[in-house]
Number of protein chains: 2
Amino acid sequence: MITIKDVAKAAGVSPMTVSRVVNRTDNVNSTMRKRVLRAVEQLGYVPNLSASKLRGKKSTHWTIGLILRDVANPFSAELHRSIEKSLRDSGSLTLTASNDDDRDYARELVMTMRAHQIDGLIIAPPPGNQSYLGAAAETGLPIVIVDRPSDFEQIPSVISDNYDGMRQATRHLISYGHRRIAYLGDEASVPMTARRDGFLAGLQEATIDTTEAIIRLDQFDPIQARETAVSLLESNNPPTAFIGSRNRINVAIIQALRATKRSEEIAMVGFDDIELAAELDPGMTAVAQNPILIGQIATAILMDMLENNRVQDQSVVVSTRLIKRGSGEISRTQPLN
Amino acid sequence: MITIKDVAKAAGVSPMTVSRVVNRTDNVNSTMRKRVLRAVEQLGYVPNLSASKLRGKKSTHWTIGLILRDVANPFSAELHRSIEKSLRDSGSLTLTASNDDDRDYARELVMTMRAHQIDGLIIAPPPGNQSYLGAAAETGLPIVIVDRPSDFEQIPSVISDNYDGMRQATRHLISYGHRRIAYLGDEASVPMTARRDGFLAGLQEATIDTTEAIIRLDQFDPIQARETAVSLLESNNPPTAFIGSRNRINVAIIQALRATKRSEEIAMVGFDDIELAAELDPGMTAVAQNPILIGQIATAILMDMLENNRVQDQSVVVSTRLIKRGSGEISRTQPLN
DNA sequence: CTGTTAGCGCGTTCAA
DNA sequence: TTGAACGCGCTAACAG
């Protein structure tokens, strides 16, 4: 490894002079500067950021920890991209990992990232106790929570308006005459319970009893969800519309509708948009989140905490958007009870 | 920040003893060990990995640089996920970034990551000179190239069999009677030229002249590709089949076919699979790459270089798989010339 | 079994 | 304008 000393020796100056040249500080005699730069070039010297940081140097080239649920999930991937882009100007880099909704692993990841000396953290925490985040925040680590509400006053969060998004979806289906609406979801995390509550609120507004609808909160796995949807469709009293609570579940419902050749007559709205959703027959009506904006806001808040060394306590809610593509605009065809 | 000294003071021992306890090395008296562990717990001490590394400690908790084309692209995202998963057991973390096919930026990223003291690098390099990788490799940094061939003997690569995959796609369409096949792609990178060559080889095998087919190598942008496809469909001598050269282009072609209501009569095969491809009408026949396997192999090679301190020079080619879903099995309907 | 010494690469502080 | 000394947090090597 080429160190500052090697460069100094090659250029015939002291390490300090090299440091000054590399960091563009102070005034350095231009001949020396040239000598140093030539040596840097020749030896391929790359400064050791860890050592600088250890020595106490402040930099704006932050190392940001980014913990998402699953980097391969389209929503997470877009969020990742957005954060990366927002960070790019400052020359900051992200240490990225997926937590798979496993709280213990998330805790471990935070530890490891702290050991790696991250300057800030953006995390989509798994369900459950966020105490490990509180502890980390107390040491002065700036943290922003995304996609989940924060347990702590001192930790800001950026999150979609899950409740309102789902309520809109529900209202939309009701406006097309549907009452027997099947909701496939779970209640394992706060966003999911918010979506469930949005659905219930939509029903209540229209004075639809929860027994008239079909509410399945045990749908964790796409394959299982697909089977559930098929069996509902084949039951005595099938739904006239479906609501999917997240992107993988939406795909499952679409598969079920197609497998039973009912996609033209049974309505469907999905929470979370999917690539190609517009090219289906009919196109999938979706409640779209805005991962790009969420990422931008989260990054902006974090940068503010980092640069101004202050504690933020704001919680931002980003609204969703209902995109009508056909599947949600199928009117109820079945006779009224 | 809590350091080893703080813990030592709190536990009434020397820093060295704390180090031994934390690193589980040597034998430490069990009472002392307990005292130390209690202090660690109480103070929330997190060891500074950078400092350990600076001191020269070897660890198996590697920090791996991962430079992809675009973390939000489904192919890259799957690759990312696979690498992350393969790395997880060793407790390694990735410093991840997108290069947007910009060589200069990729060069800069490698610099920055080197400054961050990464132990190894997995990169999907942009088109153009890879000299910056050669230089980095010469300093002893283990590098594995993915999704692109390597310019250097000493840098191993893992890549899909683009040539063969595209040749299979072409043969497949030809076996359904197609001769006037429109290929929408570019030749801006080695994988793309390999796909182009695979297409040409497929034509040649069937003694189809290149003037009989439609070969567009100027399709970089999905929106532009969509327009191209529409205008081809509306021309005097339209193609009876399309080939898309990558995922975003496939979507564009599907959109064009649907917009012109020709998806049932014009065949189509896409290179790269897409979520929901099976739920289209007809389903999209695709040449699927295997990002999971590519990631596993790349990680395995890198780990071998890291752990055994040796230089690998192998190049691995991962085969593709043709998935028939309907769009590629539409026979030619137009009269023979 | 435990502590002391020294130094990894770097930059702040101060002296020249 | 330049350089020397010092110490950031940590641990290998040695001493006790």
Side-chain angles (χ1 to χ4, degrees), chain A residues 1-37 39-40 43-61 63 111-112 114-119 139-141, chain B residues 1-37 39-40 43-61 63 111-112 114-119 139-141:
Chain A
M1 181 181 199
I2 307 293
T3 77
I4 203 169
K5 280 186 192 167
D6 301 319
V7 178
K9 204 173 295 175
V13 299
S14 80
M16 201 49 233
T17 304
V18 177
S19 172
R20 284 195 258 256
V21 170
V22 170
N23 295 293
R24 322 175 200 306
T25 65
D26 293 15
N27 298 329
V28 182
N29 183 306
S30 75
T31 34
M32 292 208 131
R33 155 167 284 121
K34 272 174 201 160
R35 283 222 310 261
V36 169
L37 288 175
V40 164
L43 299 177
Y45 168 68
V46 178
N48 184 332
L49 229 74
S50 301
S52 313
K53 210 187 279 182
L54 180 59
R55 181 61 187 77
K57 196 198 173 190
K58 277 182 196 164
S59 150
T60 55
H61 298 264
T63 309
M111 276 294 246
T112 311
R114 287 218 278 158
H116 278 261
Q117 305 305 111
I118 54 170
D119 303 299
T139 70
L141 179 72
Chain B
M1 182 181 200
I2 307 292
T3 76
I4 202 169
K5 281 186 191 168
D6 301 319
V7 177
K9 203 173 295 175
V13 297
S14 79
M16 198 52 226
T17 303
V18 178
S19 173
R20 283 195 259 256
V21 170
V22 170
N23 295 291
R24 324 175 199 302
T25 65
D26 293 15
N27 297 327
V28 181
N29 181 304
S30 74
T31 35
M32 292 207 129
R33 154 166 285 122
K34 272 175 201 158
R35 282 222 311 262
V36 168
L37 288 176
V40 164
L43 299 175
Y45 168 68
V46 178
N48 184 331
L49 230 73
S50 301
S52 314
K53 211 188 278 181
L54 179 60
R55 183 61 187 75
K57 196 197 174 195
K58 277 181 197 165
S59 149
T60 54
H61 298 264
T63 309
M111 276 293 248
T112 311
R114 286 219 278 158
H116 278 261
Q117 305 305 112
I118 54 169
D119 302 299
T139 70
L141 179 72

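By convention in this document, chain letters (A, B, ...) are assigned in the order of the sequence lines, proteins followed by strands, and residues within each chain are numbered from 1. All values reported here derive from a predicted model rather than from experimental measurement.
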Considering all heavy atoms, the nearest B:Val22-B:Tyr45 contact
CG2-CE2, 4.0 Å
Quick one: does any side-chain atom of B:Asp6 pair with a main-chain N or O of B:Thr3 as donor and acceptor, under 3.5 Å?
yes
Nearest to the side chain of A:Ser14 - D:dC8, D:dG3, D:dC10?
D:dG3
I want to check something: taking the side chain as every heavy atom from C-beta on, are A:Ile2 and A:Val46 in contact at a cut-off of under 4.5 Å?
no
Nearest-nucleotide 5' precedence on DNA chain C, B:Gly56 against A:Gly56:
B:Gly56
Of the listed nucleotides C:dT12, D:dT11, C:dG9, the one nearest the side chain of A:Lys57:
C:dT12
Distance check needed: C:dC8 C1' versus A:Lys53 NZ, whole Å only.
17 Å
Base, sugar-phosphate, or nothing: which does A:Pro15 touch, judged by heavy atoms less than 4.0 Å apart?
nothing
Spacing between A:Arg20 atom CZ and D:dA4 atom P, to the nearest angstrom:
11 Å
If I take atom CG in residue B:Leu49 and atom P in nucleotide C:dG9, what distance separates them, rounded to the nearest angstrom?
17 Å
Closest non-hydrogen atom pair between B:Arg20 and B:Val28, with its separation:
CB-CG2, 3.9 Å
Closest approach of B:Ala8 and B:Pro15, non-hydrogen atoms and distance?
CB-N, 3.6 Å
Candidates D:dC10, D:dT2, C:dG3 - which lies nearest the side chain of B:Thr17:
C:dG3
B:Lys9 has an atom NZ; how far is it from atom P of D:dG9, in whole Å?
11 Å
Along DNA chain C (nearest heavy atom to each residue), the more 5'-positioned of B:Ala51 and B:Gly12:
B:Gly12
Figure out the CZ/P separation between A:Arg35 and D:dT1, and round it to whole Å.
16 Å
What is the distance from CZ of B:Arg33 to C1' of C:dT2, rounded to the nearest Å?
13 Å
Does A:Ser52 have a side-chain nitrogen or oxygen under 4.0 Å from the phosphate oxygens OP1 or OP2 of C:dG11?
yes
Separation of D:dG16 C1' from B:Met16 CE (nearest whole Å)
15 Å
Measure from the side chain of B:Thr3, starting at C-beta and using heavy atoms only, and say which of C:dC10, D:dG9, C:dT2 lies closest.
D:dG9
Proximal nucleotide (of D:dT11, C:dG9, C:dC1) relative to the B:Ile4 side chain
D:dT11
Among D:dC10, C:dT2, C:dT12, which is the nearest nucleotide to the side chain of A:Arg55?
C:dT12
How would you label the contact of A:Met1 with the nucleic acid (heavy atoms, under 4.0 Å): base, sugar-phosphate, or nothing?
nothing
Please tell me if the side chains of B:Val13 and B:Arg35 come closer than 4.5 Å, counting only heavy atoms from C-beta onward.
yes
D:dC8 phosphate, OP1 or OP2: any side-chain N/O from B:Lys5 under 4.0 angstrom?
yes
What is the distance from CG of B:Asn23 to C1' of D:dA12, rounded to the nearest Å?
12 Å
Of the candidate nucleotides C:dG11, C:dG3, C:dG9, which contains the atom at the shortest distance from the side chain of A:Leu54?
C:dG9
